[in-house]
Amino acid sequence: MDEVRLYEMYLNEAIEERKNDLINRNEDYKKLREKFNEIMNKYPNLQLILEKDVELILNETECKMLQKLASIYMEILDLEEKEIFLLGGKEMYFYLKDSEVIKEK
């Protein structure tokens, strides 16, 4: 059981590292994160709903911004999931190479 936890810790660290690295390597990702944070900071009611799980009635502008946040968040997740997929492929390659399933010519 300890091995699973150690592996999960490494995996989570690697994933978080890739997400953080996206900010430095991908300008679109960086802009999406900035826009997301800008909206969250500008509309405190959205912060309360999303971060504190408070029930509130939103005005029309806040509803539109909530929709915008959801859209931005989906774009952010898409970019992060692609990075995780590529990370998995890279790790699988090295695993197969180390276990000599893949041999260099």
Side-chain angles (χ1 to χ4, degrees):
M1 194 68 163
D2 288 337
E3 289 181 46
V4 172
R5 278 190 267 141
L6 288 174
Y7 174 74
E8 287 175 355
M9 285 173 53
Y10 166 74
L11 180 63
N12 289 337
E13 278 181 32
I15 289 170
E16 286 306 312
E17 210 171 277
R18 282 301 265 251
K19 287 179 184 180
N20 290 334
D21 193 42
L22 262 174
I23 292 173
N24 299 324
R25 290 185 298 105
N26 188 317
E27 198 60 36
D28 291 336
Y29 181 82
K30 184 178 182 176
K31 287 177 183 176
L32 286 169
R33 296 295 298 214
E34 288 171 353
K35 186 65 177 170
F36 186 90
N37 291 333
E38 179 184 310
I39 292 170
M40 287 291 279
N41 290 333
K42 188 172 181 180
Y43 298 94
N45 282 345
L46 299 181
Q47 283 183 355
L48 291 171
I49 290 171
L50 297 172
E51 294 175 356
K52 304 288 185 192
D53 201 26
V54 174
E55 293 182 20
L56 294 172
I57 296 174
L58 300 176
N59 64 36
E60 185 178 346
T61 303
E62 291 169 327
C63 287
K64 287 179 181 177
M65 289 299 106
L66 183 57
Q67 291 172 331
K68 180 89 172 151
L69 275 181
S71 175
I72 291 169
Y73 184 71
M74 295 303 289
E75 289 181 63
I76 288 170
L77 282 182
D78 186 49
L79 292 169
E80 290 176 350
E81 287 171 354
K82 287 176 184 173
E83 281 296 309
I84 293 167
F85 175 79
L86 294 172
L87 175 63
K90 180 182 123 188
E91 292 300 316
M92 178 55 84
Y93 170 78
F94 287 122
Y95 172 77
L96 293 174
K97 189 175 170 188
D98 289 346
S99 61
E100 297 181 355
V101 173
I102 295 176
K103 298 182 184 194
E104 291 189 36
K105 293 181 181 182

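By convention here, the first residue in the shown sequence is residue 1. This is a predicted model, so every value here is computed, not measured.
- One distance of note links OG1 of T61 with NZ of K68; it measures 14.0 Å at 0.5 Å rounding.
- Counting heavy atoms from C-beta outward, E91 and Y10 have side chains that approach closer than 4.5 Å.
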Go through the steps to decide whether K19 and I15 satisfy the test side chain to side chain contact (heavy atoms under 4.5 Å, CB included), and finish with yes or no. CA-CA 6 Å; K19 287 179 184 180; I15 289 170; 3.8 Å; yes
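- We find the CD1-CG distance between I49 and L56 to be 5.0 Å, quoted to the nearest 0.5 Å.
- Once rounded to the nearest 0.5 Å, the distance linking CD of E16 with CG of L11 reads 10.0 Å.
- Side-chain heavy atoms closer than 4.5 Å link hydrophobic residues (I, L, V, M, F, W, Y) into clusters, and following such links, possibly through other members, connects L58 to I72.
- Ion pair E80/R33 flagged as a salt bridge, since at least one NZ, NE, NH1 or NH2 atom sits closer than 4.0 Å to an Asp/Glu carboxylate oxygen.
- Residues L66 and Y43 form no side-chain contact, since every pair of their non-hydrogen atoms from C-beta on lies 4.5 Å or further apart.
- Summarising the geometry, atom CZ belonging to R18 is positioned 14.0 Å from atom NZ belonging to K82; distances are rounded to the nearest 0.5 Å.
- The hydrophobic clustering, which links ILVMFWY residues whose side-chain heavy atoms are closer than 4.5 Å, places F85 and L79 apart.
- Hydrophobic clustering places L48 together with Y73 (ILVMFWY residues linked when any side-chain heavy atoms are closer than 4.5 Å, directly or through intermediates).
- Ion pairing of E38 with K35 is present here, as a side-chain N (NZ or NE/NH1/NH2) and a carboxylate O approach within less than 4.0 Å.
- One distance of note links NZ of K64 with CD1 of I39; it measures 13.5 Å at 0.5 Å rounding.
- Distance check, rounded to the nearest 0.5 Å: NZ of K90 to CG of L86 gives 10.0 Å.
- For D21, the side chain to side chain contact (heavy atoms under 4.5 Å, CB included) partners at least two apart in sequence or on another chain are N24, R25.
- Follow the hydrophobic side-chain contacts under 4.5 Å out from V54 and you reach L46 in the same cluster.
- Closest non-hydrogen pair, M40 versus Q47, comes out as O-NE2, 2.9 Å.
- Surrounding CD of E17 are at most 12 heavy atoms belonging to other residues, nucleotides or ligands under 6.0 Å away.
- Of the possible polar contacts, none joining the N26 side chain to the L22 backbone as a donor-acceptor pair under 3.5 Å is found.
- Connection of I84 to Y29 is not established within any shared hydrophobic cluster, with ILVMFWY side chains joined at heavy-atom distances below 4.5 Å, either directly or through further cluster members.
- Residues in residues 43-54 take part in no salt bridge (Lys or Arg N to Asp or Glu O under 4.0 Å) pair, two or more places apart or across chains.
- In this structure, L77 places its CG atom where more than 12 heavy-atom neighbours from other residues, nucleotides or ligands lie under 6.0 Å away.
- Proximity of D78 to M74: side-chain heavy atoms (C-beta onward) are nowhere separated by under 4.5 Å.
- Legend: residues meeting side chain to side chain donor-acceptor pair (under 3.5 Å) with N45, ordered by chain and number and at least two apart, are E62.
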